[in-house]
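Reading through the structure tokens given below for one structure.
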Amino acid sequence: MLNEKLAERRLPALMTLNDGRAVTTAKLWRERREELLDLLRREEYGYSPAAPESVTGTVEKETLVCAGKATQYDVTLSFDTPRGPFSFPIALIVPKAPEKPPVFVHISFFTPIPSKYLPIEEVVDRGYAVAAFNYESVTSDKADIDGLAAMYPIDEKTGWGTIGMWAFAASRVLDYLETRSDVDAQRACVTGHSRLGKTALWCAAQDERFTMAVSNDSGCSGAAISRGKVGESIERITRVFPYWFCGNYRAWADREYEAPFDQHMLLSLIAPRRLYVCSAIEDTWADPESEFLACVAASPAWSVQRVPGLITPDDMPAVNQPLMEGGVCYHVRTGTHFHSRTDWN
Ligand code: GCU
């Protein structure tokens, strides 16, 4: 049944190299991964500049939070760019126990941090640290060239859009976390909701230091396959939010079936690391079924590396029946477009 559903989407082949060779080994997958990264950079999200040599963090403030169960560090991160130093603030919340906890890098819509999309006390009680930043402190969610966007030259066709910039910032947060001894940067998960779910996926796709990514209701140009998708389309997203992407992406508006790529390729770049795609049943704009099918279609990138991909019955799971056994996890929960406690839990 899933095979038939996928066949209808007529996806471009994931497991075939550009020269026609089948990707049958983990080694060949490394070659294929490079091709796919380049494809998505050129046609969708744009090329990001190289990482800066180092990132420094200045702790501005230290506060006990969550009934004294955790410490919040307000930190300014700084690094060099071709046009001078760039800084943005983050909040790092570290539970008192366990020692050296795993850490979420949360790309957030809001300041102050935490917010309605980050149930911090639950997260702390479960033994995780969180490093969060407001995405607009990196660059504004507009076509304006400000913040990080103003610090690098940008090619009109292939230069990064704001999703690339926010993703780059999440990687700089991880650079900083690697310098701290009180969190385990080897177990870092990048996460975000909606446009920031798209960002979390693009971040983990490029930055293999993240051992896990969780996208929440990321939909169009995130976890959802574009071919046959309901709700938002490439035409609509590149008309309303062109600056999220590189200039080339617009060329695929209303030409989904001709594009040499689709979003299962984005997910595949996270293999063999852990990926969790969260959907909400009333979020038809994002399209849960297209998000689920992308997980199925991306799974061969895990199996070729000897990690099971999505472990699923031969149909979309029922609402609130998470699939969490494989390297790719998926759930569709009750309710609307929101980053809820259910998703975090
Ligand atoms: C809009 C947009 C989506 C995006 C969402 C969000 O609805 O069309 O692509 O995911 O905003 O970020 O909340």
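Fair warning: this is a prediction, and the values are worked out from it, not measured in the lab. One-based numbering along the sequence shown. As the structure lists them, so they are numbered: ligands from 1, and atoms in each ligand from 1.
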Item to complete: Of the side chain and backbone of Ser194, name the one, both, or neither that has a heavy atom under 4.0 Å from an atom of ligand 1.
Response: both
Discussion item. Regarding ligand 1, does Asp217 bring an N or O atom to under 3.5 Å of one of the ligand's N or O atoms?
Written reply: no
Item to complete: Record the part of Ile237 in heavy-atom contact with ligand 1 below 4.0 Å; permitted values are side chain, backbone, both and neither.
Response: side chain
Discussion item. For His106 and Trp344: C-alpha separation, side-chain torsions, deciding distance, then whether ring pair (Phe, Tyr, Trp, His ring centres under 6.0 Å) applies.
Written reply: CA-CA 11 Å; His106 181 220; Trp344 278 98; 5.4 Å; yes
Worksheet item: Would you call Pro52 and Thr81 a side-chain contact if the rule is heavy atoms closer than 4.5 Å?
Response: no
Practice prompt. Would you kindly say whether Ser279 and Glu291 are connected by a side-chain donor-acceptor distance under 3.5 Å?
Written response: yes
Worksheet entry | Glu325 CD: over 12 foreign heavy atoms closer than 6.0 Å | no
Item to complete: Give a yes/no on ligand 1: does His193 have at least one heavy atom closer than 4.0 angstrom to it?
Response: no
Worksheet item: Looking at the rings of Tyr276 and His331, which for Trp means the six-membered one, are their centres under 6.0 Å apart?
Response: yes
Worksheet entry | Structural part of Arg195 in contact with ligand 1, heavy atom criterion under 4.0 angstrom | both
Practice prompt. For Arg236 and ligand 1, answer yes if some heavy atom of the residue is under 4.0 Å from a ligand atom, otherwise no.
Written response: no
Practice prompt. Say whether Trp244 and ligand 1 are in contact under the criterion: heavy-atom distance to a ligand atom below 4.0 Å.
Written response: yes
Worksheet item: Quick one: do the Gln206 and Arg41 side chains pair a donor with an acceptor below 3.5 Å?
Response: yes
